[in-house]
Amino acid sequence: ELMQYFPMQIQERFPGEIKNHFLAQEIVANGLVNGFVNRMGMVFAFRLMDETGCSIVSVFNVYKQVCNIFVINELRQEIESQCLHLDANVLDELQQDIRKVIERSMRWFLSREQAEMEVQRYTDGVAELQSTLPSFLSEQASQSVDEQVDAFIQQGVPSGLALNVVTLDVMYLCLDVIWLNKQTKSSLKECAQVFFALMLEFDLLWLREKIRALPEKTVWESLARRTAREEFNAVCCSLSLAVLQQQGTTIPGNVSVWVAASGVAVTRYRKLLAMVHADNEIELEKITVLLKELRAICIGR
(Lines give C-alpha, C1' and ligand atoms only; values in the text may rest on other atoms or scores of the structure.)
Protein backbone atom coordinates (compact mmCIF):
# COMPACT_ATOMS: atom_id res chain seq x y z
CA GLU A 1 0.00 0.00 0.00
CA LEU A 2 2.86 2.36 0.86
CA MET A 3 4.85 1.68 -2.31
CA GLN A 4 1.82 2.04 -4.56
CA TYR A 5 1.20 5.53 -3.21
CA PHE A 6 4.28 6.82 -5.04
CA PRO A 7 4.93 7.00 -8.81
CA MET A 8 6.77 4.02 -10.31
CA GLN A 9 9.98 5.98 -10.92
CA ILE A 10 10.09 7.00 -7.26
CA GLN A 11 9.40 3.41 -6.20
CA GLU A 12 12.33 2.15 -8.29
CA ARG A 13 14.83 4.82 -7.24
CA PHE A 14 14.03 5.31 -3.56
CA PRO A 15 12.55 2.11 -2.04
CA GLY A 16 14.45 2.53 1.21
CA GLU A 17 13.39 6.13 1.65
CA ILE A 18 9.76 5.20 1.00
CA LYS A 19 9.91 2.42 3.60
CA ASN A 20 11.28 4.83 6.20
CA HIS A 21 9.03 7.76 5.26
CA PHE A 22 8.07 9.64 8.43
CA LEU A 23 4.39 9.69 7.28
CA ALA A 24 4.35 6.00 6.28
CA GLN A 25 1.61 5.00 8.73
CA GLU A 26 -0.59 7.93 7.77
CA ILE A 27 -0.13 7.24 4.04
CA VAL A 28 -1.05 3.56 4.50
CA ALA A 29 -4.10 4.36 6.65
CA ASN A 30 -5.29 6.99 4.18
CA GLY A 31 -4.85 4.63 1.22
CA LEU A 32 -6.61 1.74 2.92
CA VAL A 33 -9.58 3.80 4.03
CA ASN A 34 -9.99 5.62 0.72
CA GLY A 35 -9.73 2.40 -1.30
CA PHE A 36 -12.19 0.57 0.95
CA VAL A 37 -14.76 3.38 1.01
CA ASN A 38 -14.52 3.91 -2.76
CA ARG A 39 -15.16 0.21 -3.43
CA MET A 40 -17.38 -0.88 -0.54
CA GLY A 41 -19.10 2.29 0.63
CA MET A 42 -18.96 4.22 3.91
CA VAL A 43 -21.36 2.04 5.92
CA PHE A 44 -20.21 -1.52 5.24
CA ALA A 45 -17.27 -1.57 7.69
CA PHE A 46 -19.46 -0.36 10.58
CA ARG A 47 -22.18 -2.86 9.65
CA LEU A 48 -19.65 -5.71 9.75
CA MET A 49 -18.40 -4.59 13.14
CA ASP A 50 -21.97 -4.54 14.48
CA GLU A 51 -22.85 -7.93 12.97
CA THR A 52 -19.70 -9.85 13.93
CA GLY A 53 -18.27 -7.96 16.89
CA CYS A 54 -14.93 -7.69 15.10
CA SER A 55 -12.55 -4.72 15.22
CA ILE A 56 -11.91 -2.25 12.42
CA VAL A 57 -8.43 -3.78 12.10
CA SER A 58 -9.97 -7.18 11.36
CA VAL A 59 -12.29 -5.64 8.74
CA PHE A 60 -9.41 -4.11 6.80
CA ASN A 61 -7.15 -7.16 7.16
CA VAL A 62 -9.85 -9.53 5.91
CA TYR A 63 -10.76 -7.17 3.07
CA LYS A 64 -7.19 -7.14 1.77
CA GLN A 65 -6.87 -10.92 2.16
CA VAL A 66 -10.13 -11.62 0.32
CA CYS A 67 -9.02 -9.36 -2.52
CA ASN A 68 -5.78 -11.36 -2.74
CA ILE A 69 -7.51 -14.75 -2.62
CA PHE A 70 -9.90 -13.91 -5.46
CA VAL A 71 -7.39 -11.77 -7.42
CA ILE A 72 -9.84 -8.87 -7.18
CA ASN A 73 -7.43 -6.07 -8.04
CA GLU A 74 -6.56 -7.67 -11.37
CA LEU A 75 -10.24 -8.14 -12.17
CA ARG A 76 -11.01 -4.52 -11.35
CA GLN A 77 -8.16 -3.32 -13.55
CA GLU A 78 -9.46 -5.41 -16.41
CA ILE A 79 -12.96 -3.99 -15.95
CA GLU A 80 -11.62 -0.43 -15.83
CA SER A 81 -9.69 -1.06 -19.06
CA GLN A 82 -13.06 -1.68 -20.73
CA CYS A 83 -14.63 1.59 -19.58
CA LEU A 84 -14.47 3.11 -23.09
CA HIS A 85 -16.02 0.05 -24.73
CA LEU A 86 -18.84 -0.95 -22.38
CA ASP A 87 -22.10 0.66 -21.31
CA ALA A 88 -21.98 2.24 -17.85
CA ASN A 89 -24.74 -0.06 -16.60
CA VAL A 90 -22.75 -3.13 -17.63
CA LEU A 91 -19.63 -1.82 -15.90
CA ASP A 92 -21.67 -1.16 -12.78
CA GLU A 93 -23.14 -4.68 -12.87
CA LEU A 94 -19.67 -6.23 -13.11
CA GLN A 95 -18.43 -4.15 -10.19
CA GLN A 96 -21.53 -4.96 -8.12
CA ASP A 97 -21.06 -8.71 -8.71
CA ILE A 98 -17.50 -8.39 -7.43
CA ARG A 99 -18.58 -6.37 -4.42
CA LYS A 100 -21.25 -8.91 -3.43
CA VAL A 101 -18.71 -11.74 -3.43
CA ILE A 102 -16.27 -9.66 -1.36
CA GLU A 103 -18.99 -8.89 1.21
CA ARG A 104 -20.04 -12.55 1.53
CA SER A 105 -16.46 -13.76 1.71
CA MET A 106 -15.54 -11.22 4.37
CA ARG A 107 -18.50 -12.32 6.48
CA TRP A 108 -17.49 -15.97 5.92
CA PHE A 109 -13.94 -15.40 7.16
CA LEU A 110 -14.95 -13.16 10.05
CA SER A 111 -17.41 -15.78 11.32
CA ARG A 112 -15.27 -18.90 10.76
CA GLU A 113 -11.60 -18.26 10.07
CA GLN A 114 -10.84 -14.94 11.68
CA ALA A 115 -8.50 -16.30 14.33
CA GLU A 116 -6.35 -18.35 11.94
CA MET A 117 -6.81 -17.28 8.34
CA GLU A 118 -4.53 -19.39 6.15
CA VAL A 119 -4.46 -17.06 3.19
CA GLN A 120 -2.13 -19.11 1.01
CA ARG A 121 -4.21 -22.27 1.47
CA TYR A 122 -7.34 -20.46 0.28
CA THR A 123 -5.52 -18.64 -2.51
CA ASP A 124 -4.08 -21.90 -3.87
CA GLY A 125 -7.37 -23.74 -3.34
CA VAL A 126 -9.45 -21.17 -5.21
CA ALA A 127 -6.97 -21.14 -8.10
CA GLU A 128 -6.96 -24.96 -8.32
CA LEU A 129 -10.74 -25.29 -8.15
CA GLN A 130 -11.32 -22.54 -10.69
CA SER A 131 -9.14 -24.41 -13.18
CA THR A 132 -11.13 -27.64 -12.69
CA LEU A 133 -14.74 -26.37 -12.54
CA PRO A 134 -16.15 -28.92 -15.04
CA SER A 135 -14.98 -31.80 -12.85
CA PHE A 136 -17.39 -31.02 -10.01
CA LEU A 137 -20.10 -28.60 -11.19
CA SER A 138 -23.44 -30.20 -12.00
CA GLU A 139 -24.94 -29.84 -15.46
CA GLN A 140 -27.56 -27.48 -14.05
CA ALA A 141 -24.95 -25.25 -12.38
CA SER A 142 -22.73 -25.28 -15.46
CA GLN A 143 -25.68 -24.26 -17.61
CA SER A 144 -26.44 -21.36 -15.26
CA VAL A 145 -22.82 -20.18 -15.46
CA ASP A 146 -22.86 -20.44 -19.27
CA GLU A 147 -26.08 -18.42 -19.50
CA GLN A 148 -24.71 -15.63 -17.32
CA VAL A 149 -21.44 -15.56 -19.27
CA ASP A 150 -23.30 -15.42 -22.59
CA ALA A 151 -25.46 -12.54 -21.31
CA PHE A 152 -22.34 -10.51 -20.52
CA ILE A 153 -20.68 -11.40 -23.83
CA GLN A 154 -23.75 -10.18 -25.72
CA GLN A 155 -23.29 -6.84 -23.98
CA GLY A 156 -19.70 -6.60 -25.19
CA VAL A 157 -17.81 -8.01 -22.19
CA PRO A 158 -14.73 -10.07 -23.21
CA SER A 159 -15.39 -13.77 -22.68
CA GLY A 160 -12.50 -14.30 -20.25
CA LEU A 161 -13.53 -11.39 -18.06
CA ALA A 162 -17.18 -12.49 -18.13
CA LEU A 163 -16.25 -16.02 -17.06
CA ASN A 164 -13.99 -14.83 -14.23
CA VAL A 165 -16.66 -12.51 -12.81
CA VAL A 166 -19.52 -15.01 -13.10
CA THR A 167 -17.55 -17.85 -11.50
CA LEU A 168 -16.67 -15.70 -8.49
CA ASP A 169 -19.95 -16.80 -6.90
CA VAL A 170 -18.98 -20.45 -7.35
CA MET A 171 -15.55 -19.69 -5.92
CA TYR A 172 -17.20 -18.19 -2.86
CA LEU A 173 -18.95 -21.54 -2.30
CA CYS A 174 -15.56 -23.19 -2.69
CA LEU A 175 -14.39 -21.54 0.54
CA ASP A 176 -16.42 -24.26 2.27
CA VAL A 177 -14.81 -26.88 0.02
CA ILE A 178 -11.33 -25.71 1.06
CA TRP A 179 -12.42 -25.74 4.71
CA LEU A 180 -13.62 -29.34 4.25
CA ASN A 181 -10.27 -30.25 2.74
CA LYS A 182 -8.64 -29.00 5.96
CA GLN A 183 -10.89 -31.20 8.11
CA THR A 184 -10.56 -34.47 6.17
CA LYS A 185 -8.05 -36.67 4.40
CA SER A 186 -9.94 -36.32 1.13
CA SER A 187 -8.45 -34.40 -1.78
CA LEU A 188 -9.68 -30.96 -2.75
CA LYS A 189 -11.31 -32.43 -5.86
CA GLU A 190 -13.14 -35.11 -3.85
CA CYS A 191 -14.40 -32.51 -1.36
CA ALA A 192 -15.69 -30.38 -4.24
CA GLN A 193 -17.41 -33.34 -5.90
CA VAL A 194 -19.22 -34.30 -2.69
CA PHE A 195 -20.13 -30.72 -1.79
CA PHE A 196 -21.69 -29.91 -5.16
CA ALA A 197 -23.29 -33.35 -5.52
CA LEU A 198 -25.18 -32.66 -2.28
CA MET A 199 -26.08 -29.21 -3.56
CA LEU A 200 -27.83 -30.94 -6.44
CA GLU A 201 -29.27 -33.78 -4.36
CA PHE A 202 -31.02 -31.49 -1.87
CA ASP A 203 -31.69 -28.53 -4.20
CA LEU A 204 -29.43 -26.37 -2.05
CA LEU A 205 -28.54 -23.86 -4.75
CA TRP A 206 -32.23 -22.98 -4.98
CA LEU A 207 -32.46 -22.68 -1.19
CA ARG A 208 -29.37 -20.48 -1.17
CA GLU A 209 -30.94 -18.13 -3.70
CA LYS A 210 -34.05 -17.84 -1.55
CA ILE A 211 -31.95 -16.95 1.48
CA ARG A 212 -30.19 -14.28 -0.55
CA ALA A 213 -33.57 -12.87 -1.59
CA LEU A 214 -34.75 -12.37 2.00
CA PRO A 215 -35.42 -8.72 2.92
CA GLU A 216 -32.84 -6.74 4.88
CA LYS A 217 -34.52 -3.36 5.26
CA THR A 218 -34.11 -3.34 9.04
CA VAL A 219 -31.25 -4.30 11.33
CA TRP A 220 -33.15 -7.37 12.54
CA GLU A 221 -33.97 -8.52 9.01
CA SER A 222 -30.32 -8.15 8.06
CA LEU A 223 -29.18 -10.13 11.11
CA ALA A 224 -31.81 -12.83 10.48
CA ARG A 225 -30.69 -13.24 6.87
CA ARG A 226 -27.06 -13.43 7.92
CA THR A 227 -27.92 -16.06 10.54
CA ALA A 228 -29.79 -18.13 7.95
CA ARG A 229 -26.85 -17.86 5.56
CA GLU A 230 -24.38 -18.98 8.23
CA GLU A 231 -26.64 -21.89 9.21
CA PHE A 232 -26.92 -22.84 5.53
CA ASN A 233 -23.11 -22.89 5.17
CA ALA A 234 -22.74 -24.93 8.34
CA VAL A 235 -25.36 -27.47 7.22
CA CYS A 236 -23.72 -27.88 3.81
CA CYS A 237 -20.39 -28.58 5.51
CA SER A 238 -21.95 -31.03 7.99
CA LEU A 239 -23.65 -32.98 5.19
CA SER A 240 -20.44 -33.07 3.18
CA LEU A 241 -18.36 -34.22 6.16
CA ALA A 242 -20.81 -37.04 6.81
CA VAL A 243 -20.47 -38.29 3.22
CA LEU A 244 -16.69 -37.88 3.14
CA GLN A 245 -16.40 -40.07 6.23
CA GLN A 246 -18.05 -42.97 4.38
CA GLN A 247 -15.89 -45.75 3.01
CA GLY A 248 -16.53 -46.32 -0.68
CA THR A 249 -14.97 -46.61 -4.07
CA THR A 250 -16.54 -43.64 -5.88
CA ILE A 251 -17.82 -40.23 -4.89
CA PRO A 252 -21.23 -40.63 -6.59
CA GLY A 253 -21.59 -44.04 -4.98
CA ASN A 254 -20.82 -42.64 -1.52
CA VAL A 255 -23.37 -39.87 -1.94
CA SER A 256 -26.09 -42.25 -3.16
CA VAL A 257 -25.48 -44.78 -0.39
CA TRP A 258 -25.43 -42.11 2.30
CA VAL A 259 -28.64 -40.46 1.06
CA ALA A 260 -30.42 -43.83 0.80
CA ALA A 261 -29.34 -44.74 4.33
CA SER A 262 -30.73 -41.47 5.69
CA GLY A 263 -34.20 -42.70 4.75
CA VAL A 264 -37.02 -41.07 6.69
CA ALA A 265 -35.22 -37.78 7.35
CA VAL A 266 -34.48 -37.25 3.66
CA THR A 267 -38.05 -38.14 2.69
CA ARG A 268 -39.45 -35.64 5.18
CA TYR A 269 -37.11 -32.90 3.95
CA ARG A 270 -38.06 -33.50 0.32
CA LYS A 271 -41.75 -33.41 1.17
CA LEU A 272 -41.37 -30.06 2.91
CA LEU A 273 -39.18 -28.77 0.08
CA ALA A 274 -41.89 -29.63 -2.44
CA MET A 275 -44.43 -27.74 -0.35
CA VAL A 276 -42.19 -24.67 -0.24
CA HIS A 277 -41.57 -24.91 -3.99
CA ALA A 278 -45.33 -24.81 -4.54
CA ASP A 279 -45.70 -21.50 -2.67
CA ASN A 280 -45.44 -18.21 -4.50
CA GLU A 281 -43.52 -16.59 -1.67
CA ILE A 282 -40.82 -17.86 0.64
CA GLU A 283 -40.37 -16.44 4.11
CA LEU A 284 -37.72 -16.80 6.77
CA GLU A 285 -39.96 -19.22 8.70
CA LYS A 286 -39.99 -21.72 5.83
CA ILE A 287 -36.24 -21.44 5.33
CA THR A 288 -35.69 -22.00 9.05
CA VAL A 289 -37.75 -25.19 8.91
CA LEU A 290 -35.88 -26.50 5.88
CA LEU A 291 -32.52 -25.81 7.52
CA LYS A 292 -33.72 -27.61 10.66
CA GLU A 293 -34.68 -30.65 8.58
CA LEU A 294 -31.30 -30.65 6.86
CA ARG A 295 -29.61 -30.51 10.25
CA ALA A 296 -31.78 -33.44 11.36
CA ILE A 297 -30.46 -35.50 8.44
CA CYS A 298 -26.91 -34.90 9.72
CA ILE A 299 -27.80 -35.72 13.33
CA GLY A 300 -29.79 -38.78 12.30
CA ARG A 301 -26.72 -40.25 10.71
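Worth saying up front: this structure is predicted, and the values here are computed from it rather than measured.
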Can I get a per-line list of side-chain donor-acceptor pairs under 3.5 Å for residues 93-101, giving both atom names and the distance, sequence neighbours left out?
unit_1: R99; atom_1: NE; unit_2: E103; atom_2: OE2; d: 2.9
unit_1: R99; atom_1: NH2; unit_2: M40; atom_2: O; d: 2.8

Tell me every residue that passes side-chain hydrogen bond (donor to acceptor under 3.5 Å, both in side chains) with S159, counting only those two or more places apart in sequence or in another chain. none

Which residue pairs pass the ring-ring contact (aromatic ring centres under 6.0 Å, His included) test with at least one member in residues 272-293, sequence neighbours excluded? W206-H277

Residues forming a side-chain hydrogen bond (donor to acceptor under 3.5 Å, both in side chains) with R229, sequence neighbours excluded: none

With sequence neighbours excluded, tell me which residues meet ring-ring contact (aromatic ring centres under 6.0 Å, His included) with F60. F36

Not counting sequence neighbours, which residues clear ring-ring contact (aromatic ring centres under 6.0 Å, His included) with Y269? List them please. F202

Selection residues 180-199 - residue pairs positive for ring-ring contact (aromatic ring centres under 6.0 Å, His included), sequence neighbours left out: F136-F196

For E80, give me all partners under side-chain hydrogen bond (donor to acceptor under 3.5 Å, both in side chains), at least two apart in sequence or on another chain. R39

Sorted by chain and residue number, the ring-ring contact (aromatic ring centres under 6.0 Å, His included) partners of H85 (sequence neighbours excluded) come out as none

Do any pairs count as a side chain to side chain donor-acceptor pair (under 3.5 Å) and have a residue in residues 124-135, sequence neighbours left out, and if so which ones? Q120-D124, Q130-T167

List in chain and number order the residues that pass side-chain hydrogen bond (donor to acceptor under 3.5 Å, both in side chains) with R47, two or more places apart in sequence or in another chain; answer none if no residue qualifies. none

Check: R225 side chain, R212 main-chain N or O, donor-acceptor pair, under 3.5 Å: yes

Give a yes or no answer on whether the side chain of Q155 reaches the backbone of A151 with a donor-acceptor pair at less than 3.5 Å. yes

Here the side chain to side chain donor-acceptor pair (under 3.5 Å) pairs for residues 1-24, sequence neighbours left out, are E1-K64

